[in-house]
Protein chains: 2
Amino acid sequence: MRAQTATTADDAGRLKGRIRRRQEGAMLKAAEKVFARAGFQGATMAEIADLAGVPKATLHYYFGSKEELYRAVLDNILTLWLAETESITADADPATALTAYVRAKMRLSARRPDASRVFANEIVHGATHIGEYLRTELRKTVEARAAVIDQWAAEGRILPVDATHLFFTIWAATQTYADFESQVCAVIGKPRLSASDHERACAHVLTVVLRTCGLPCAGDHLRQVAPPPANTTH
Amino acid sequence: MRAQTATTADDAGRLKGRIRRRQEGAMLKAAEKVFARAGFQGATMAEIADLAGVPKATLHYYFGSKEELYRAVLDNILTLWLAETESITADADPATALTAYVRAKMRLSARRPDASRVFANEIVHGATHIGEYLRTELRKTVEARAAVIDQWAAEGRILPVDATHLFFTIWAATQTYADFESQVCAVIGKPRLSASDHERACAHVLTVVLRTCGLPCAGDHLRQVAPPPANTTH
DNA sequence: GTCTATAGACGGATAGAC
DNA sequence: GTCTATCCGTCTATAGAC
């Protein structure tokens, strides 16, 4: 995917790589923000250009069309996504591996919310630009990681769980703090999510994932052993 | 909110309610589908009109503007959302109440995915049209239900859990099957989600929610008592 | 009340000066 | 390589016939 964009760029200015990269980065960053806020159709090249501090025509010179710019933004995000699935391996400790994965996803939601939102927008509207990638790369990755989780369960190291759907749940639970941030803020009554809000959210999601797998999580030892005998005074 | 739209309609044709309702419903249904697929800006009045089987101008006659039509669609969805939060009460059985709530949310994702997608799109892009509703109605509702869950925990009927964030997780985990359906389909390698796919998804989400609360769920009794002593042969 | 025909605004893309 | 000025298509909204 990346290659497409790079080819166009190389054709025009093969030798001027140093400065080109800088401006290209600024434009991609601006595009990510505007696409996140307004969606593909809602975003305007003029707004992206203004935010990047370049004239509108420069955007077209670098990326050819609005469509190609959008693809370039999505490419950036997807490589980011792919880079964090590495902790889940057959010989890893389940609790450690899952904790690392959830933490990585939560960090991404906190630090690159716009990237998550562009991706979310693309999927909600049918994944017309990246459907092929999802059906190949992403599917293969999930199948491999799900097999690991199935193996953990077969070995009795975690409770049995639908591994593929567990990924859907982890993605949903973590990305909601980026994609649906405005709803989360509205409900907890704050204008923005603070660092401690994110920590609390992260601790909660870890609790959900670890308890789902029957693994102990911080502060659970005391109570995990006493399941609900209806009424324990109060 | 509903009142706004109703007022506009009443002004123009107070006595012709019977037929009006029918056409209005068709237009709202068409609008929901088109807004879901293309977002607010991507949707065109012409496409909505075609799908509803009326001329473009009729849309404007009924709803005034694209913006008002969008608000009307959102209104419909929000009343739908609100209607299902009733199972969670202090004297209900936690397992029964949570199961009913999750099932209701999953059913909505399966039956009205477009409604969910329009809502998701609105939130991802900052909830500019319904922010006020979220900060008032939704917030109040969540606070009340979260208090119930806190009480259950205080009484020892469920494990302690961050009640507010539990709602975020339930919404995310259930709505992902509507909003991110294209991603789910791509990963499991099917063009559409079948009824049995939805059942499997529902069972999984129930497992996640019930285990998170320390409640038994179907098929767990045998294993719940035996947490991971590292290596149980295999 | 309903629809056709059109006005008016806007945004993507590009020609051509520098 | 960079930017200004402009073209052309598209979309919302409405005027006015029926």
Side-chain angles (χ1 to χ4, degrees), chain A residues 4-28 30-31 33-35 37-73 125 128-129, chain B residues 4-28 30-31 33-35 37-73 125 128-129:
Chain A
Q4 273 186 325
T5 313
T7 302
T8 309
D10 287 355
D11 289 349
R14 178 169 294 275
L15 295 175
K16 299 278 178 78
R18 26 271 149 92
I19 277 181
R20 187 174 201 96
R21 285 283 160 210
R22 260 185 60 94
Q23 277 215 325
E24 205 175 283
M27 288 187 257
L28 283 170
K33 191 173 235 167
V34 176
F35 281 130
R37 190 151 41 215
F40 177 73
Q41 309 256 10
T44 67
M45 295 296 267
E47 195 182 349
I48 295 171
D50 283 355
L51 192 61
V54 301
K56 206 173 55 157
T58 305
L59 273 182
H60 280 99
Y61 179 74
Y62 273 74
F63 296 96
S65 68
K66 187 184 183 182
E67 176 94 18
E68 283 176 84
L69 173 57
Y70 181 64
R71 298 280 300 232
V73 170
H125 298 137
T128 49
H129 299 87
Chain B
Q4 273 185 325
T5 313
T7 302
T8 309
D10 287 354
D11 289 349
R14 177 169 295 274
L15 295 175
K16 299 277 176 80
R18 14 210 165 147
I19 276 181
R20 186 173 203 97
R21 284 284 159 210
R22 260 186 61 93
Q23 278 214 324
E24 204 175 283
M27 288 187 256
L28 283 170
K33 190 172 236 167
V34 175
F35 281 129
R37 191 151 40 217
F40 177 73
Q41 310 256 8
T44 67
M45 295 296 267
E47 196 182 347
I48 295 169
D50 283 355
L51 192 61
V54 300
K56 208 174 50 160
T58 304
L59 275 181
H60 280 98
Y61 180 73
Y62 273 74
F63 295 97
S65 69
K66 186 184 183 182
E67 176 93 19
E68 282 176 85
L69 173 57
Y70 180 65
R71 298 279 302 230
V73 170
H125 298 139
T128 49
H129 299 86

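Numbers restart at 1 for each chain; the letters A, B, ... are given by sequence-line order, proteins then strands.
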ask   = Parallel, tilted or perpendicular: which fits the ring planes of His129(A) and Tyr70(A), with parallel below 30° and perpendicular above 60°?
value = perpendicular
note = Rounded to the nearest 0.5 Å, the CZ atom of Phe63(A) sits from the CZ atom of Arg71(A) at a distance of 14.0 Å
ask   = Out of dA13(D), dT2(D), dT14(C), which nucleotide sits closest to the side chain of Tyr62(A)?
value = dT2(D)
query = In whole angstroms, how far is the C1' atom of dT2(C) from the CD atom of Gln23(B)?
reply = 9 Å
note = Against the side chain of Tyr61(B), the closest entry in dC3(D), dG1(C), dA13(C) is dG1(C)
task = Determine whether any donor atom in the side chain of Lys56(A) lies under 3.5 Å from an acceptor atom in the base of dG12(C), or the reverse, and answer yes or no.
result = yes
ask   = Atom CD of Glu67(B) to atom C1' of dC11(D): distance rounded to whole Å?
value = 15 Å
message = OP1 or OP2 of dC3(D) versus the side-chain N and O atoms of Thr58(A): is any pair under 4.0 Å?
response = yes
query = Within this structure, what is the CG-to-P distance between Leu69(B) and dT12(D), rounded to whole angstrom?
reply = 11 Å
inquiry  = I need the Glu24(A) CD to Leu59(A) CG distance, nearest 0.5 Å.
reply    = 11.0 Å
request  = Would you kindly give the NZ-to-C1' distance between Lys66(B) and dG8(C), to the nearest whole Å?
outcome  = 16 Å
query = Over how many whole Å does the gap from Met45(B) atom CE to dC3(C) atom P extend?
reply = 15 Å
request  = Any chance you could measure Phe35(A), atom CZ, to Ile48(A), atom CD1, to the nearest 0.5 Å?
outcome  = 4.0 Å
query = Could you give the distance from CE (Met45(A)) to NZ (Lys56(A)), rounded to the nearest 0.5 Å?
reply = 8.5 Å
query = Which listed nucleotide (dT4(D), dT14(D), dC11(D)) is nearest to the side chain of Thr44(B)?
reply = dC11(D)
query = Can you tell me how far P of dT12(D) sits from OH of Tyr70(B), to the nearest Å?
reply = 15 Å
task = Scan Ala49(B) against the nucleic acid and name what it touches under 4.0 Å (heavy atoms): base, sugar-phosphate only, or nothing.
result = nothing
message = Could you tell me how far apart Phe63(B) (CZ) and dT14(D) (C1') are, to the nearest whole angstrom?
response = 18 Å
ask   = Within this structure, what is the NE2-to-C1' distance between His60(B) and dG1(C), rounded to whole angstrom?
value = 17 Å
